[in-house]
Amino acid sequence: MNAVGSALSLPALFSYGLFGLPLAMLALPIYIYVAPFYAQRSSLDLAQIGAVLLAARIAAAFIDPALGAWIARGGRSYAVYVGASLPLLLLGFGALFHPPAMREAATLAWFLAALLLVYTAYGLAGIAHQSWGAALSQLRAQRARVTAVREGCGLFGVILAAGLTSVFGYDGLSLAFAVCLLAAGALLLARAPRPALRSAAEAVSGNGWKLPFRQRAFRWLFAVLLVNGVAAAIPATLFLFFATDYLRLGHYAGPFLIVYFCAAAASMPAWVALARRLGEARAWGGAMLLAACVFVWAYGLGAGAAWGFATICLLSGLALGADLALPPALLAGLIGAAGHAGRHEAAYFGWWNWGVQMSLALAAGIALPLLAWLGYVPGNSGGGLPALSAAYALLPCALKLLAALLLWRAPLQHIYSETGEYRPCI
């Protein structure tokens, strides 16, 4: 079924977008829970965990563009690559959160190998799924709906993962992840609308992995992604440490996350409507400013400030809805503006995921060792807590403002269209 340029029904959108739920159930643990998990359940210290996360995420960052180029050259349906990722995702998740008892060196090796498997499988599934969605429609209103449904399902996956982990632990999360992955994967492969198949002649050439960076607009958008990604990744990496050691509210970590992601899910329709009116870039820039104005107040909180932090989670969660829904829609429009829709999406999303992984690598590889150097020790109420608070609250806000400035200056004004007709911006 060729859905490019045509209206997509809500059942069709959910058949496609529901696969975002199990992917998000995997993303939350590897981005938020994995560092505290190994800090508490192994002999590894914070610097070692940060080093492994940095190494794995840098490696994954370079794997993603290669996966994107490989998918783009293949000329096969994106469904083929999603299907290939399913057993790898199951194996990687089980290995990461159910490690055997080993000595320190073996634990380090297992941790690194499991992370690499998870990141590779996640990259394969994510690039194929995102590319599939970007190829479904080039109408501005449609592409925002596609990404909003996918990311909205992802938010419910995050909420589900947070709730299950709080109540049933990692065993319950693992079982639920396996069931959701197989069910959503089956629905996607059997019922989701499919874009037109690409022929081998239309596939990306041997140098196609460089294709996105030939577009001036993509270079600007990619810079925004990196800066904004680091701004989001730092508090994600430090969240459990901040909630547990600084606020003394670790037992409320699950509810805080649920408030945050529920607010993001509830805000999705409003951001889609705003993007339809103003364009994705302007709406996204406004969300960045909102996030910075709200999140800076986390620095002034004291121990036990449950209601204050819950309010910050609620308001910053509203801004998160734009962070999730609008950038992929903006990228889909950029791909259409360059004349690459239906052929080269995977090459773009391979580099896009490279940027996401590099943002996470910088957040973990810099923030965690820096906090260790400044004297912060997890579970200790010593002198490192002011540094933890500043790194968690102030640094991300400064980076958000920088990202908003870059987005404001980016040459993206030519990619907006209600009719599906675009002028190249190169």
Side-chain angles (χ1 to χ4, degrees), residues 17-44 49 52-53 56-57 60 82-102 106-126 128-129 150-151 153-189 236-237 239-241 243-244 250-258 260-262 357 360 364 378:
L18 190 63
F19 191 66
L21 187 148
L23 290 184
M25 291 181 70
L26 174 63
L28 179 75
I30 63 175
Y31 295 152
I32 294 182
Y33 291 148
V34 72
F37 177 87
Y38 276 86
Q40 296 166 3
R41 303 193 183 196
S42 74
S43 58
L44 304 181
I49 293 170
V52 170
L53 288 172
R57 286 171 179 171
V82 171
S85 71
L86 298 180
L88 300 177
L89 287 167
L90 291 172
L91 180 61
F93 189 93
L96 186 61
F97 287 101
H98 300 277
M102 296 177 290
T107 300
L108 275 172
W110 181 281
F111 184 25
L112 178 60
L115 277 174
L116 288 175
L117 177 57
V118 167
Y119 285 143
T120 301
Y122 184 81
L124 179 62
H129 192 223
R150 182 184 67 221
E151 301 303 329
C153 290
L155 286 171
F156 282 110
V158 168
I159 295 166
L160 182 61
L164 288 170
T165 305
S166 298
V167 177
F168 299 107
Y170 294 99
D171 291 339
L173 176 62
S174 298
L175 178 60
F177 168 72
V179 172
C180 291
L181 178 70
L182 295 176
L187 179 64
L188 175 70
L189 298 177
T237 301
F239 168 76
L240 284 181
F241 300 118
T244 301
H251 51 293
Y252 289 132
F256 286 145
L257 287 174
I258 291 172
Y260 179 64
F261 290 116
C262 280
Q357 294 291 357
L360 293 165

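Atoms considered below: every heavy atom in the structure, side chains included; atoms not considered: hydrogens, waters and symmetry mates. Numbers here simply count residues along the sequence, with the first being 1. Just so it is clear, the structure is predicted and the values come from calculations on it, not from any experiment.
- Annotation for Gly154 and Ala24: closest pair O-CB, 2.9 Å, computed over non-hydrogen atoms.
- The aromatic rings of Tyr170 and Phe37 stand perpendicular to each other, their planes meeting at an angle above 60°, with 30° marking the opposite boundary.
- Rounding to the nearest 0.5 angstrom, the gap separating the CG atom in Leu240 from the CG atom in Leu257 is 7.0 Å.
- Side-chain atoms of Met25 and Leu173, non-hydrogen and from C-beta on, do get closer than 4.5 Å to each other.
- A donor-acceptor pair under 3.5 Å is absent between the side-chain atoms of Trp110 and the main chain of Leu96, judged by distance alone.
- Atom CG in Leu188 sits 10.5 Å away from atom CG in Leu181 (nearest 0.5 Å).
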_Determine whether Phe19 and Leu187 satisfy the following criterion, side chain to side chain contact (heavy atoms under 4.5 Å, CB included), listing intermediate values before the conclusion._
CA-CA 8 Å; Phe19 191 66; Leu187 179 64; over 6 Å; no
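- Looking at Tyr122 and Leu88, their side chains never come closer than 4.5 Å, going by heavy atoms from C-beta outward.
- Among all heavy-atom pairs drawn from Ala39 and Ile49, the shortest one is N-CD1, 3.4 Å.
- Side chain of Thr165 to main chain of Ala162: no donor-acceptor pair is present (N/O by atom type, distance under 3.5 Å, no hydrogens or angles).
- Interatomic distance, OG1 of Thr244 versus NE2 of His251, reported as 10.0 Å (0.5 Å rounding).
- Here the closest heavy-atom approach between residue Cys153 and residue Gly17 is recorded as CB-O, 3.4 Å.
- Residue Phe241 comes nearest to Pro36 through the heavy atom pair CZ-CG, 4.1 Å, listed as atom of the first residue, atom of the second, then distance.
- Aromatic ring centres of Phe93 and Phe97 lie closer together than 6.0 Å.
- Atom CG of Leu26 and atom OG of Ser174 lie 10.5 Å apart (nearest 0.5 Å).
- In this structure, Phe111 and Pro99 have side chains that are not in contact, with every pair of non-hydrogen atoms separated by 4.5 Å or more.
- We find the CG-CG distance between Leu124 and Leu89 to be 8.0 Å, quoted to the nearest 0.5 Å.
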*With side chain to side chain contact (heavy atoms under 4.5 Å, CB included) as the test, would you mind laying out the steps for Leu18 and Arg150 before giving the verdict?*
CA-CA 6 Å; Leu18 190 63; Arg150 182 184 67 221; over 6 Å; no
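- Annotation: the span from Phe261 atom CZ to Leu155 atom CG amounts to 7.0 Å, rounded to 0.5 Å.
- When all heavy atoms of Gly83 and Leu189 are compared, the closest pair comes out as CA-CD1, 4.2 Å.
- Between His98 and Asp171, the shortest heavy-atom contact is CE1-OD1, 2.8 Å.
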*Begin with the C-alpha distance, continue with both residues' side-chain angles, and end with the deciding distance and a verdict on side chain to side chain contact (heavy atoms under 4.5 Å, CB included) for Leu90 and Leu182.*
CA-CA 9 Å; Leu90 291 172; Leu182 295 176; 4.1 Å; yes
*Run the numbers on Cys180 and Leu160 for side chain to side chain contact (heavy atoms under 4.5 Å, CB included), then give the verdict.*
CA-CA 11 Å; Cys180 291; Leu160 182 61; 4.2 Å; yes
